[in-house]
Amino acid sequence: QVQLVESGGGWVQPGGSLRLSCAASGFTLDYYAIGWFRQAPGKEREGVSCISLSTGRTYYADSVKGRFTISRDDAKNTVYLQMNSLKPEDTAVYYCATAPVGFGNSWIPTGVHEYPYWGQGTQVTVSS
């Protein structure tokens with residue numbers, strides 16, 4: 001079955017960096033998109049970055065453009081989220097999720113409700 005396992009969260013000072021990993025199994029990655037989402041206490045879950053594993057097309061929320069980079073390692077069936085110049089407002093539980101998109105489809109789902117499969121989440125805390 002579809003399984004996603006996140007890792008790499010932790011505590012970091014403002015301006016620091018972290019790299020999150022999302023290890024995927026149980027499905028053919030080329031037909032799916034993977035998204036990173038986050039949820040801070042008292043706030044709704046929001047999209048951070050997404051990638052189509054079919055076309056390589058990417059999406060970034062305005063709040064993370066220029067600071068975060070999403071990438072893939074096909075040999076490891078893993079998608080990464082490199083987070084640089086972290087700010088206290090980036091503090092949240094980060095989740096990866098996956099949704100089927102079909103092969104070669106240029107569309108990338110970016111909404112929380114467009115993703116049916118989710119990992120368990122990893123905490124990221126940015127503070128001094």
Side-chain angles (χ1 to χ4, degrees):
Q1 74 267 21
V2 173
Q3 187 172 13
L4 302 170
V5 179
E6 302 100 331
S7 61
W11 173 83
V12 65
Q13 292 185 332
S17 299
L18 283 174
R19 188 179 77 161
L20 305 183
S21 300
C22 175
S25 62
F27 59 100
T28 303
L29 272 62
D30 284 349
Y31 295 88
Y32 283 74
I34 285 187
W36 283 99
F37 297 81
R38 66 187 181 187
Q39 187 166 19
K43 295 188 176 181
E44 293 186 352
R45 194 170 298 186
E46 63 176 1
V48 175
S49 181
C50 307
I51 183 169
S52 167
L53 300 180
S54 174
T55 64
R57 188 178 179 188
T58 58
Y59 157 83
Y60 294 94
D62 288 343
S63 59
V64 306
K65 281 182 181 176
R67 300 189 298 124
F68 290 11
T69 303
I70 193 169
S71 64
R72 59 192 289 186
D73 184 333
D74 292 342
K76 297 182 179 180
N77 282 357
T78 299
V79 171
Y80 301 100
L81 185 68
Q82 178 67 43
M83 306 186 295
N84 299 328
S85 302
L86 283 162
K87 306 175 181 179
E89 50 264 43
D90 294 317
T91 296
V93 178
Y94 283 70
Y95 300 89
C96 70
T98 192
V101 296
F103 187 77
N105 195 330
S106 62
W107 166 71
I108 303 178
T110 61
V112 171
H113 299 294
E114 296 177 290
Y115 283 80
Y117 306 104
W118 292 80
Q120 82 287 354
T122 185
Q123 176 71 45
V124 171
T125 302
V126 185
S127 72
S128 53

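These numbers were taken from a predicted model, which means no experiment stands behind them.
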- Find out if a path of hydrophobic residues (ILVMFWY) with successive side-chain heavy-atom gaps under 4.5 Å connects Tyr32 to Val48. yes
- Any side-chain heavy atom of Phe27 sitting closer than 4.5 Å to one from Leu4? yes
- Do the side chain of Ser52 and the main chain of Ser54 share a donor and acceptor less than 3.5 angstrom apart? yes
- Message: The criterion is salt bridge (charged side-chain N to carboxylate O under 4.0 Å, His left out); which residues satisfy it with Lys43, sequence neighbours excluded?
- Response: none
- Item | Minimal non-hydrogen separation, Gly9 against Val124, with atom names | CA-CG2, 4.1 Å
- Task: Answer yes or no: is there an ion pair linking Lys87 with Asp90, defined by an N-O contact shorter than 4.0 Å?
- Result: no
- Answer yes or no: does atom CD of Gln120 have more than 12 heavy-atom neighbours from other residues, nucleotides or ligands under 6.0 Å? yes
- Message: Please enumerate all residues that pass salt bridge (charged side-chain N to carboxylate O under 4.0 Å, His left out) together with Glu46, with sequence neighbours excluded.
- Response: Arg38
- Using ring pair (Phe, Tyr, Trp, His ring centres under 6.0 Å) as the criterion, list what pairs up with Tyr60, not counting sequence neighbours. none
- Message: Determine whether Val79 and Thr98 satisfy the following criterion, side chain to side chain contact (heavy atoms under 4.5 Å, CB included), listing intermediate values before the conclusion.
- Response: CA-CA 11 Å; Val79 171; Thr98 192; over 6 Å; no
- same_hphob_cluster(Trp36, Phe68) at 4.5 Å side-chain heavy-atom cutoff: yes
- Query: Can you check whether Gly121's main-chain N or O pairs, donor with acceptor, with Glu6's side chain at less than 3.5 Å?
  - Reply: yes
- For residues Leu29 and Ala24, report the shortest heavy-atom separation together with the two atoms involved. CD1-CB, 4.3 Å
- Over 12 non-hydrogen atoms of neighbours within 6.0 angstrom of OH in Tyr31: no
- What distance do Tyr59 atom OH and Ile108 atom CD1 have between them, rounded to the nearest 0.5 Å? 10.0 Å
- Does Leu18 share a hydrophobic cluster with Ile34, counting links as ILVMFWY side-chain heavy atoms below 4.5 Å and allowing steps through other members? yes
- Item | Distance-minimising heavy-atom pair for Cys50 and Pro109 | SG-O, 3.5 Å
- Task: State, to 0.1 Å, how close Ser21 and Thr78 come at their nearest heavy-atom pair, and which atoms those are.
- Result: CB-CG2, 4.1 Å
- Does Leu81 belong to the same Ile/Leu/Val/Met/Phe/Trp/Tyr cluster as Val12, with side-chain heavy atoms less than 4.5 Å apart forming each link? yes
- Query: Taking all atoms of both residues into account, what is the closest heavy-atom pair of Gly47 and Ala61, and its distance?
  - Reply: O-CB, 3.5 Å
- Message: Same cluster or not: Ile70 versus Tyr95, using hydrophobic residues (I, L, V, M, F, W, Y) connected whenever any side-chain heavy atoms lie under 4.5 Å apart?
- Response: no
- Enter the distance from Thr69:OG1 to Met83:CE here, rounded to the nearest 0.5 Å. 11.0 Å
- Query: What pairs with Tyr80 under ring pair (Phe, Tyr, Trp, His ring centres under 6.0 Å), at least two apart in sequence or on another chain?
  - Reply: none
- When rounded to the nearest 0.5 angstrom, what is the spacing between CZ in Arg72 and SG in Cys22? 12.5 Å
- Message: I need the full list of ring pair (Phe, Tyr, Trp, His ring centres under 6.0 Å) pairs touching residues 107-128, with sequence neighbours left out, sorted by first then second residue.
- Response: Phe37-Tyr115, Phe37-Trp118
- Which atom of Ala40 lies closest to which atom of Thr91, heavy atoms considered: CB-O, 3.6 Å
- Message: Restricting to salt bridge (charged side-chain N to carboxylate O under 4.0 Å, His left out), what partner residues turn up for Arg45, sequence neighbours left out?
- Response: none
